[in-house]
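Accompanying notes for the structure given below.
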Amino acid sequence: MLSTPRPQAAPSLLFDDGLTRFSKSKPAESTTLGEPPKKSNRQLKAEAKKRAWEERIAKREAERTRKAEAGDNEEAAFLEKKRKLAEQRKLMGSGSPEKNEKQEQQHKKQKKRKEVPEEHQRKRQKTAGELPLLNGFFPTSVQSPKQKPKNVTQETPQKLEPKFTPSQSDPIHPKQRSSALLSQRQSLPIWAHQSALRQCLIDRDVLVMVGATGSGKSTQLPQFMLNEPWMARRTVPGIDGKVGGCIAITQPRRVAATNLARRVATEAGVKLGEEVGYSVRFDAKAGPKTKIKFLTDGMLLQEMLRDPLLRKYSCIVVDEAHERTVDTDLVMGFLRRLVYGERKGSLKVVVMSATMEVEGMSKFMEENNGQDLDVAAEGEDAAEEGGDIEMKEALAAAVEEALAKEDEEAKEKEEETHPESRKEKRRKKKKKKQSQIDMLLAPRSATPEPVSPVVAEETKPQDDGPESMALYGSIALFQVPGRQFPVDVYHAPEPVTDYVDSALRTIFQIHYSEPLPGDILVFLTGQEEIDSLQKLIEEYAKDLDKTVPRILVLPLYAALPPKEQQRVFLPAPTPNTRKIILSTNIAETSVTVSGVRHVIDTGKAKIKQFRPNLGLDSLLVSEISQSSALQRTGRAGREAPGKCYRLYTEESFKALAQATVPEILRADLAQTILRLKARGCDDIVSFPFLSPPPRNALLAALEQLLGLAALDDTGALTQLGKDMSLLPLLPPQARVLLAAKNAEVVEETIDVISALSGTDSIFVFTTDEEQREAAMEKQKEFLRQEGDHIMLLEIVRAYAAVRPGERRQWCKDHFINPRTMANIWDVRKQLRVLMDVSSSAPEDDEEEEGSESVEVVSPDTAQAVLKCFLTGYYRNTAKLDGRTGGYVTVVGAGNDVVIHPGSSLTGKKREAVVFQELVWTTRPYARWCSAVQMDWIADAAPGVLKRSL
DNA sequence: CAGCGATGT
């Protein structure tokens, strides 16, 4: 058994033993379409490689034993640990005596259950209604899969390194590096297809690539392409200057971009920032020599502001396209245009996805697919909530006109080409779109209606067979297998009413029946749920039988202080301890925890949904999609065969939506549209959206921008809008900042906006009563009667006044998350540069001892700042309703609004408030509130609205 | 009277 993850091992080494074992069950060779027939040779090589690996591992084992015998304590401890684990496995693996004991344990636990502290009972009842006591732990009701274990191939590959590991240094010794890395690289599935892939890219300009975890696609493909003839920098007719020479690989997340760059630089044996580099916000290591650049999608969009043709690049690789973030979707839309437009013949586009569901993407990337003619799907125009009707009507008319025009053009084109198939295609597309819209518009509740029953991913043929390449119209489609261990999937035999309770039972069942090593990863919806389950587990773990391993419960969510997050990646304190990680869906994509072999999936997640007609977000517990479920399942099979326990029935799984609704269909589109316009895309209706947003969402966004004076009546970008688009902020925030420039409170406003945009949780949040009270007490010193905005200003000011060396302690003292504060500081620094604030105070320099003087914000300044906020947030205002004592929105239909309990104004009664965000969770909560006056609102509101106030 | 899924410029 080599599968114990070694503490602090280089992440890439985790594959060592996986490799050998996997290749045993999988033939090293397979047929590939369009690949030169050199198979036998390659096969031999593969076998030799395999043997080499096995030998290496055997050698290492021998080496360990030798070292241990020679008195190397570390190695001896390691071997001892392994031996113990093996024993343990033997001990727990089978036999009926244990079974009886197990049952006894269960009864004990059950009895104990009834004595669960009242507090917990209450909490869970709140979320789950009744609390059924099942007979025994969940296992009695966990079904064995009817078939053999299924291979799970859905994965995203580049998150091998834990997100929060700050290791900047390469953990591999340079001496080992070249040989180890080369053989590692060559053993990656993609390596066998190098020549075929290269040919693909010579033949076609667009390649869609499917590759699951561990295929090596993100790291290897750029290296394959580097010396291709089409990479050469050259002159192209119709474009000024030379074109090409670089490869860009876009990622949805910063960590992924930086980590991949680091790895590729290591593999290529170059210094990071020279031939291989990266570029993310606040951090870039790239220069004139850089040929391969990893960047975030958002960063590429930013580069498009300066050069819409992306002349620097010969190839853009869009990685993780299946995640369908707004930015990825936008990048794909722009690239589609470029590759068949201005950059035709001089740009290669590769779209990489981890899921098989690439048909839509492939069609989208095809030339002449009608996408450019596509109109925004008809959204259901529900009754709009009052407001500025004139504005809305004008906009609606404009959009309608554009739509009609597009429709006509589309029709003409249709008839030009194959009329039959075009129409059919179109109809299908419409239908699909409609269903997306239905889904979007369907009322969301805690248990939403399943959209349309679809065939479970798992029942489809898996990607076990030959890797394949297909030419598909103007694009090439390529599949590379991943490297993933099989995961047994278990479903609940009947619907689960309380998934927290069910998770608890399943955890202990696994703990009692499964040998170590094998940590458990539980997917839950939020912090509160995680905290309460943690308490429950710890309660039960107190009287664990001595024969079973210890338990270590670790929460994992984004708002957790970094130190706490790090604990997830540390090895358990003793070898005889099982880690139980309770995570939000952060562990689904962003963070990879090693050592996990058991996944418990509640099938739920909190999903944000923007409601254009109401102009507010909902953050509700919703069912995940099949692809999310598969992603979660895959987390059990990264290092060894694993097991996944789904706390819902197989039927429920089948009824889940196949894929998560793309973010662009769920989000507030104001910023998206502003960015489109700023990148020269005036006619948003004709932009090739992979998933065209519903019309009412587009309208709401246009209306918002019009209200912020970012657009004029014709829908064209104003100078103000242009300025706004240059700021890395939401449109209302950008508007506020530009207003502040005129009002000469720009420094103060930057402080507030940085604090708001840095995160939504500046304070450390604890459920612990005592700690919370202490925190509240400490935070009192920042409280201002004006409300939250000025309080944030006071906090930022106070922080600025602290000497850099003492800031960490200061954060701790004030229960402020230091990572959040660091982020706020980065934003503040950037905004100060962008807004041309002379850095008179040198507090930004860490070396400088100087610090800003602490100066309490004067009421006049506070008022000026708040008035600026109203220019951007005049719609986010509520006035006190004299009769009910509650607040109702000023703009619109006068809907009820409740001040968020986290606000300093909660429970206070003011004439009116401005708030940053309205989120519907259990009630319509207004977050980040400050007191304002009605006449300020009237002053700040745009013309049409002003009249109605 | 009572709460914050995850990203990004």
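The model shown is predicted, which means the values in this text are computed figures rather than measured ones. Letters A, B, ... mirror the listed sequences (proteins, then strands); counts begin at 1.
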Nearest-nucleotide comparison on DNA chain B, the residue closer to the 5′ end among A/Asp297 and A/Thr525: A/Thr525

Classify A/Thr325 by what it touches in the nucleic acid, base, sugar-phosphate, or nothing, heavy-atom distance under 4.0 Å. nothing

Could you tell me how far apart A/Met299 (CE) and B/dT7 (P) are, to the nearest whole angstrom? 19 Å

What nucleic acid atoms does A/Gly902 come within less than 4.0 Å of, heavy atoms only: base, sugar-phosphate, or nothing? base

Is the distance between the ring centroids of A/His900 and A/Phe915 under 6.0 Å? no

Please examine the side chains of A/Glu323 and A/Arg253, heavy atoms only from C-beta on, and report whether any two atoms are closer than 4.5 Å. yes

Taking the side chain of A/Gln302 as heavy atoms from C-beta outward, which of B/dT7, B/dC4, B/dT9 is closest to it? B/dT9

Just to be sure I understand the rule, does A/Leu301 reach a base, reach only the sugar-phosphate, or reach nothing, if contact means heavy atoms closer than 4.0 Å? nothing

Are any side-chain N or O atoms of A/Arg635 and backbone N or O atoms of A/Val596, one a donor and one an acceptor, separated by less than 3.5 Å? no

Any N or O donor-acceptor pair under 3.5 Å from the base of B/dG8 to the side chain of A/Gln671? yes

Below 4.0 Å: OP1/OP2 of B/dG8 and any side-chain N or O of A/Arg675: no

Using side-chain heavy atoms (C-beta onward) and a distance below 4.5 Å, is A/Val914 in contact with A/His789? yes

Tell me what A/Val326 touches on the nucleic acid: a base, only sugar-phosphate, or nothing, going by heavy atoms under 4.0 Å. nothing

Let me spell it out: for each of A/Lys606 and A/Val280, pick the nucleotide of DNA chain B with the closest heavy atom. Which residue's pick is nearer the 5' end? A/Lys606

Could you give the CG-to-C1' distance, from A/Leu560 to B/dG5, as a whole number of Å? 14 Å

From the candidates B/dA6, B/dA2, B/dG8, the one with an atom nearest any side-chain atom of A/Thr906 is B/dA2

Identify whether any heavy atom of A/Gln830 sits under 4.0 Å from a base atom; if not, whether one sits that close to sugar-phosphate; answer base, sugar-phosphate or nothing. nothing

Rounded to whole Å, CG of A/Leu300 lies from P of B/dG8 at a distance of 16 Å

Round to a whole Å and report the spacing from CD of A/Gln251 to P of B/dT9. 12 Å

A/Thr921 side chain: which of B/dC4, B/dA6, B/dG3 is closest? B/dC4

Measure from CD1 on A/Ile586 to C1' on B/dA6 and round the result to the nearest Å. 7 Å

Roughly how many Å is it from CG in A/Leu737 to C1' in B/dT9, rounded to a whole number? 14 Å

Which nucleotide in the list B/dG3, B/dT7, B/dT9 gets nearest to the side chain of A/Arg254? B/dT9

So, OP1 or OP2 of B/dG3: does either fall under 4.0 Å of a side-chain N or O from A/Thr922? yes

Verify the contact: side-chain N or O of A/Thr584 to OP1 or OP2 of B/dA6, cut-off strictly under 4.0 Å; return yes or no. yes

Quickly work out the A/Phe294 CZ to B/dG8 C1' distance and round it to whole Å. 19 Å

Evaluate the side-chain proximity of A/Lys741 to A/Asp836: yes if any heavy-atom separation is below 4.5 Å, no if none is. yes

If I take atom CD in residue A/Gln733 and atom P in nucleotide B/dT9, what distance separates them, rounded to the nearest angstrom? 15 Å

Which of B/dG3, B/dG5, B/dT9 is nearest the side chain of A/Asn585? It is B/dG5

Tell me whether the rings of A/His814 and A/Phe782 are parallel (<30°), tilted (30 to 60°) or perpendicular (>60°). tilted

B/dG3, B/dT9, B/dA6: which one has an atom nearest the side-chain heavy atoms of A/Pro901? B/dG3

Answer yes or no: does a side-chain N or O of A/Thr589 lie under 4.0 Å from OP1 or OP2 of B/dT7? no

